[in-house]
Amino acid sequence: MDVRGVDFSGSAAPGRDVWLADGRLDGDRLEVTACRPAAEAFGATARSPVLSALGDALRNRPGTTGLDVSFGLPAALLPAAVDDWGDAVAWFRAEFDGADADGMRETLKDRAREREGDGVELKRRTDRAVRANSPYSFITYYQTLYGLRELLAPLVADGAVSVPPMQPAGERTVLEVYPAGTLRRLETVDEGYKEPTDEAAAARAEILAALETASGLEVAVAEPVRERAVADDGGDALDSVVAAVAAARAAAREFEPPTPFDPREGCIYV
DNA sequence: TATGACCGCTACTGTCCTTT
DNA sequence: AAAGGACAGTAGCGGTCATA
């Protein structure tokens, strides 16, 4: 089975921030064969053409892809009429049609404040389980808006992809992943590896070694991929490889959910 | 109780290089 | 010589949680 990992970005020109890793899973053996930024994969740098090309890839290529984006919102912020994940994604797309990232964030924060006590940046069950940020925290809100509204929602609406564990896996399967959570599961370095220092480069090399020895799969990272993942000091190249490993692990375990989750919210595969 | 780190974005700065 | 574009680097944003 072909396996891919995507390190996503919601920036205005994400050609060098979105990275894609390609791999091949045979039984319990994963080989990560390629890794490159969106600009190289698609020949585009602006948001619209990059997301469009990425959507086409997910729509057309068989296999399993791990995508580093929140696939939903905390159930407390969904309308009562939304009772499954497909509805939640369709609702999000319609609710924030035309909204900018700041507008979406303020709307969700206001809605959270109207509720008694809970705080402002609410989390999903799966976010709590892997210690992820809220889907609309200042770190994540661009990713959530553009990843969910522009990329995932149209594919889900068309039935072009399957999204476990809410839906059974299919010919083209897309999963939510969270590289920092995968690093924690592997008990390896999970911070200080996204800096332009020698120490951070050493940390990236250590993470690659941990992926190969401790992931529960037999993982082989091709030498050119290893070089890029160590050299890219933003950590985006490495995160795409981690995303591919998480996707492969999920596939090897037949997409059994790794965390408790609310079926309206989504579930992170670590 | 205080601090620092975090799936990262935009806006602004300064530098270098090109064009007029 | 001055102006302007391309680009890299940095500050600021700002809520929560783990650690000290």
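The chains referred to below are lettered A, B, ... by the order of the sequence lines, with proteins before strands, and numbering in each begins at 1.
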Student: Return the nearest nucleotide to the side chain of A:Thr140; candidates are B:dC9, B:dC7, C:dC17.
Tutor: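 For the A:Thr140 side chain, the nearest candidate turns out to be B:dC7.
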Student: Classify the side-chain pair A:Arg47/A:Tyr146 by whether it contains a donor and acceptor separated by less than 3.5 Å.
Tutor: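 There is such a pair (donor and acceptor under 3.5 Å, judged by atom type) between the side chains of A:Arg47 and A:Tyr146.
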Student: Using the C1' atom on both, measure C:dT16 against B:dT10 and round to a whole Å.
Tutor: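 Each nucleotide's C1' atom is 22 Å from the other's.
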Student: Between A:Ala13 and A:Tyr178, which has a closest nucleotide on DNA chain B that is more 5'?
Tutor: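 Looking at DNA chain B, the more 5' nearest nucleotide goes with A:Tyr178.
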Student: Check every atom of C:dG14, B:dT10, B:dG8 against the side chain of A:Ala12 and return the nucleotide holding the closest atom.
Tutor: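 Among the listed nucleotides, the one closest to the side chain of A:Ala12 is B:dT10.
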Student: For B:dC6, does either OP1 or OP2 sit under 4.0 Å from a side-chain N or O belonging to A:Lys194?
Tutor: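 It does not, given that no N or O in the side chain of A:Lys194 lies less than 4.0 Å from OP1 or OP2 of B:dC6.
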Student: From the options B:dC7, C:dT16, B:dT10, select the nucleotide whose nearest atom is closest to the side chain of A:Glu121.
Tutor: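 Of the candidates, C:dT16 comes closest.
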Student: Using the rule given for salt bridge (charged side-chain N to carboxylate O under 4.0 Å, His left out), can you reason through A:Glu223 versus A:Arg228, listing the C-alpha separation, both sets of side-chain angles and the distance that settles it, and then say yes or no?
Tutor: CA-CA 9 Å; A:Glu223 194 53 33; A:Arg228 282 195 107 153; over 6 Å; no
Student: Please state whether the phosphate of C:dT16, meaning OP1 or OP2, lies under 4.0 angstrom from any side-chain nitrogen or oxygen of A:Lys123.
Tutor: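 Answer is no, no contact under 4.0 Å.
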Student: Could you give the angle between the helix axes at the two ends of the helix from B:dG8-C:dC13 to B:dT20-C:dA1, with five pairs per end, rounded to 10 degrees?
Tutor: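 Nearest ten degrees gives 10° for this helix.
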Student: Report yes if at least one side-chain N or O of A:Ser137 is closer than 4.0 Å to OP1 or OP2 of C:dG14; otherwise report no.
Tutor: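 No.
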Student: Indicate, with a heavy-atom threshold strictly under 4.0 Å, whether A:Ser134 touches base, sugar-phosphate, or nothing.
Tutor: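 Contact class for A:Ser134: none.
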Student: A:Thr173 and A:Ser162: side-chain donor and acceptor closer than 3.5 Å?
Tutor: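 A:Ser162 and A:Thr173 do not have a side-chain donor-acceptor pair below 3.5 Å.
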Student: Considering only heavy atoms from C-beta outward, does the side chain of A:Phe8 approach that of A:Leu51 to under 4.5 Å?
Tutor: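 They are in contact (side-chain heavy atoms under 4.5 Å apart), so the answer is yes.
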Student: On DNA chain C, compare the nucleotides closest to A:Phe138 and A:Arg131; which residue's is nearer the 5' end?
Tutor: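 Checking each residue's closest nucleotide, the 5'-ward one belongs to A:Phe138.
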Student: Return no unless some side-chain N or O of A:Arg184 is found under 4.0 Å from OP1 or OP2 of B:dC7.
Tutor: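 The answer is no; no side-chain N or O of A:Arg184 sits under 4.0 Å from OP1 or OP2.
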Student: Examine A:Arg204 relative to A:Tyr193 and say whether NZ or CZ is less than 6.0 Å from the centre of the six-membered ring and inside a 45° cone about the ring axis.
Tutor: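 No, A:Arg204 does not lie over the aromatic ring of A:Tyr193.
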Student: At 4.0 Å (heavy atoms only), tell me whether A:Ala132 reaches a base, stays on the sugar-phosphate, or touches nothing.
Tutor: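 The residue A:Ala132 makes base contact.
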Student: Closest approach to the side chain of A:Ser9, judged atom by atom: which nucleotide of B:dG8, B:dC7, B:dC9 is it?
Tutor: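 The answer is B:dC9.
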Student: Side chain of A:Tyr142 only, heavy atoms from C-beta on: which candidate in C:dA8, B:dC9, B:dC7 is closest?
Tutor: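 Given the options C:dA8, B:dC9, B:dC7, the side chain of A:Tyr142 is closest to B:dC9.
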Student: Do the charged groups of A:Arg29 and A:Glu218 touch, with an N to O distance under 4.0 Å?
Tutor: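 Between A:Glu218 and A:Arg29 there is a salt bridge, with a charged N closer than 4.0 Å to a carboxylate O.
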Student: A:Ser70 side chain: which of B:dC7, B:dC9, C:dG14 is closest?
Tutor: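 So the nucleotide nearest the side chain must be B:dC7.
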Student: Does A:Asp127 reach the side chain of A:Asn133, with side-chain heavy atoms less than 4.5 Å apart?
Tutor: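 Answer no - side chains too far apart.
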Student: Look at the side chain of A:Ser11 and decide which nucleotide, out of C:dG14, B:dC6, B:dT10, has an atom nearest to it.
Tutor: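 So the side chain of A:Ser11 is nearest to B:dT10.
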Student: Ignoring hydrogens, what is the shortest heavy-atom contact between A:Ala250 and A:Leu175? Give both atom names and the distance.
Tutor: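 Nearest pair, atom of A:Ala250 first, then A:Leu175: CB-CD1, 3.5 Å.
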Student: Does A:Gly181 reach a base, just sugar-phosphate, or nothing at all? Heavy atoms under 4.0 Å.
Tutor: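 A:Gly181: no heavy atom of the nucleic acid under 4.0 Å.
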Student: Look at the side-chain N and O atoms of A:Arg128 and state whether any lies under 4.0 Å from the OP1 or OP2 oxygen of C:dC17.
Tutor: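 Answer is yes, contact under 4.0 Å.
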Student: Could you check whether the rings of A:Phe92 and A:Phe96 sit parallel, tilted or perpendicular, using 30° and 60° as the cut-offs?
Tutor: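 Correct class here is tilted.
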Student: Are A:Trp19 and A:Pro37 side-chain neighbours, meaning at least one heavy-atom pair lies under 4.5 Å?
Tutor: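 When only atoms from C-beta onward are counted, A:Pro37 and A:Trp19 do touch, with a gap below 4.5 Å.
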Student: List, with names and distances, any nitrogen or oxygen atoms from the protein found under 3.5 Å away from nitrogen or oxygen atoms belonging to nucleotides 14-17 of chain B.
Tutor:
none

Student: Side chain of A:Arg16, heavy atoms from C-beta onward: which of C:dA8, B:dG8, B:dT10 has the nearest atom to it?
Tutor: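 Of the candidates, C:dA8 comes closest.
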